[in-house]
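Everything on this sheet refers to the single structure shown next.
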Amino acid sequence: MPVAVAASGDTNVVEDLYGILRVLSDGTVVRSPDPPEFCPVTFPCDHPSVQWKEAVYDKGKNLRVRMYKPSGGGEQAGRKLPVLVHFHGGGFCLGSCTWGNFHSFCLRLAAEAGAVVLSAGYRLAPEHRLPAALDDAAGFLEWLREQSVSTEAEDGWLTEAADFGRVFVTGDSAGGTLAHHLAVSAGSATPKHGDDVDSITIKGYILLMPFFGGVDRTRSEAVEFPLAEEPFLNLAVLDRFWRLSLPEGASRDHPIANPFGADSPGLGSVKFPPVLVVSSGTDLLHDRTVDYAERLAGMGKPVKVVDFPNDPHGFFTQDPWSETTGELIRLVSVFVVDSCVAVAAPKTA
């Protein structure tokens, strides 16, 4: 698929996402070189108690990861920290671990959760339709496994701080969808033994307003529901994301979009570690998020759902330094601690 730099005066645009991404009638994809308006330069690039660096985890695809860790001292001195693998949102079409809003959130998450945060990029649609992003997310976990046993891994920057026995996979919106599918893949795999034992241990998954879909509308997606006409994230935008990201010809009931669709794998036999699902009350995706958590709980999976009733989709990336974002990070921190000491009995919402 041809890719072009943004040009003015295009009259044959057939798909447009905020002017950041446009698809022309000849199939050319135009991405703006400018940062989006919702990533203001006023977002901090650094934090006094966090070190961060960027690395390439897949040279062939030029996929990058931004790595964050508390600077040391205080409670972090002399001990290794849990690892939060984070995948950004953007409807599988937009976003980057380098965007200011995601970067700021990860800075604060590392500082206040006292964790190593690994914000991994992945290929975007429509240039790379699904399952490309899911393949990249799985590839990142393989990279992490290699780092955990390599004596040359990033000159010790990561390995000296990371406790690979306490790994959590987190994601917001589309990143939360990736987290779900990674959980299903891991929970469906044959357990490893002996020399094949995994070098990392995933203790839990954190889905922050995951981006699920379906042909049948939920109440919160219904046209008569006030949020369906929200200017920033409305129903038309959600549909456009799926239209551009799913395999050609696929509907919103495709297994990547709808975990409970007719062709989706059953989840009853999948072994889940603790799962934290976060929803927001003014989100078009609210009902799908809550339904997902309730269905997992009904299967006896160890899931906890927390709702922010007065906040919009992705509020923590819209305002990474807000009081509400701080409350979200506190919930994540408690979940991480509880999951590392949890007994085998499942917790339900």
Side-chain angles (χ1 to χ4, degrees), residues 3-6 17-22 29-71 83-111 113 115-128 132-137 139-141 143-144 147 154 157-158 162 169-179 208 211 232 241 244-245 314-321 325 329:
V3 180
V5 177
L17 286 168
Y18 313 116
I20 303 170
L21 181 153
R22 290 176 293 164
V29 178
V30 181
R31 289 189 180 271
S32 172
D34 301 321
E37 293 182 2
F38 48 83
C39 295
V41 294
T42 53
F43 281 164
C45 294
D46 295 290
H47 190 287
S49 64
V50 175
Q51 301 174 35
W52 69 274
K53 65 185 296 186
E54 189 173 303
V56 175
Y57 75 86
D58 187 323
K59 292 182 180 179
K61 299 171 185 170
N62 193 31
L63 295 175
R64 298 179 177 272
V65 55
R66 284 202 172 180
M67 305 184 289
Y68 308 80
K69 66 179 181 180
S71 299
V83 177
L84 304 182
V85 174
H86 184 72
F87 297 106
H88 66 75
F92 298 110
C93 298
L94 305 176
S96 166
C97 63
T98 66
W99 278 15
N101 57 343
F102 300 130
H103 178 71
S104 275
F105 174 67
C106 289
L107 280 172
R108 188 174 184 185
L109 182 61
V116 173
V117 176
L118 305 177
S119 178
Y122 50 87
R123 288 172 295 169
L124 300 176
E127 301 95 322
H128 305 283
L134 183 55
D135 293 341
D136 294 342
F140 180 76
L141 292 183
W143 177 88
L144 187 61
Q147 297 297 301
E154 292 297 322
W157 193 95
L158 173 61
V169 178
T170 81
D172 79 86
S173 196
T177 311
L178 294 178
L208 306 175
F211 180 39
F232 182 70
F241 278 137
L244 292 173
S245 64
F315 64 85
F316 45 92
T317 57
Q318 296 178 36
D319 191 354
W321 302 96
T325 298
I329 292 175

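These values consider heavy atoms only, across backbone and side chains, with no hydrogens, waters or symmetry-generated copies. These numbers were taken from a predicted model, which means no experiment stands behind them.
Ring planes of F241 and F211: perpendicular class, angle over 60° (limits at 30 and 60°).
For the side-chain contact (heavy atoms from CB on, under 4.5 Å) criterion with Y57, the lone passing option out of L144, L118, D136 is D136. Checked against F140 for a side-chain contact (heavy atoms from CB on, under 4.5 Å), the options V65, D135, V169 give a single hit: V65.
Inter-residue side-chain proximity for D46 and W52 is flagged as met; some heavy-atom pair is nearer than 4.5 Å. At a threshold of 4.5 Å between non-hydrogen side-chain atoms, the residues L109 and Y68 do not count as touching.
When all heavy atoms of A125 and S245 are compared, the closest pair comes out as CB-CA, 3.4 Å. Of all heavy-atom pairs between L21 and P126, the closest is CD1-CD, 3.7 Å. Residues T325 and P320 come closest through the heavy atom pair CG2-O, 3.2 Å.
R108 and H47 share no donor-acceptor pair across their side chains, judged by distance under 3.5 Å alone.
Every residue two or more places apart in sequence or in another chain that forms a side chain to side chain donor-acceptor pair (under 3.5 Å) with T170 is listed here: H86.
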Set out, in order, the CA-CA distance, both residues' side-chain angles and the distance that settles side chain to side chain contact (heavy atoms under 4.5 Å, CB included) for L124 and F92, then state yes or no.
CA-CA 6 Å; L124 300 176; F92 298 110; 5.9 Å; no
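N101 contributes atom CG, which lies 10.0 Å from atom NE2 of H88 (distance to the nearest 0.5 angstrom). Considering NZ of K69 and CH2 of W157, their distance stands at 5.0 Å, rounded to 0.5 Å.
Residues in residues 83-103 take part in no salt bridge (charged side-chain N to carboxylate O under 4.0 Å, His left out) pair, two or more places apart or across chains.
In this structure, D172 contributes its side chain and G175 its backbone to no donor-acceptor pair below 3.5 Å. Formation of a donor-acceptor pair under 3.5 Å by the S71 side chain with backbone atoms of S49 is found in this model.
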Taking distance alone, no hydrogens or angles, what donor-acceptor pairs closer than 3.5 Å link side-chain atoms of residues 93-100 to residues at least two apart or in another chain?
| residue | atom | partner | partner atom | Å |
| --- | --- | --- | --- | --- |
| S96 | OG | T98 | N | 3.0 |
| S96 | OG | T98 | OG1 | 2.7 |

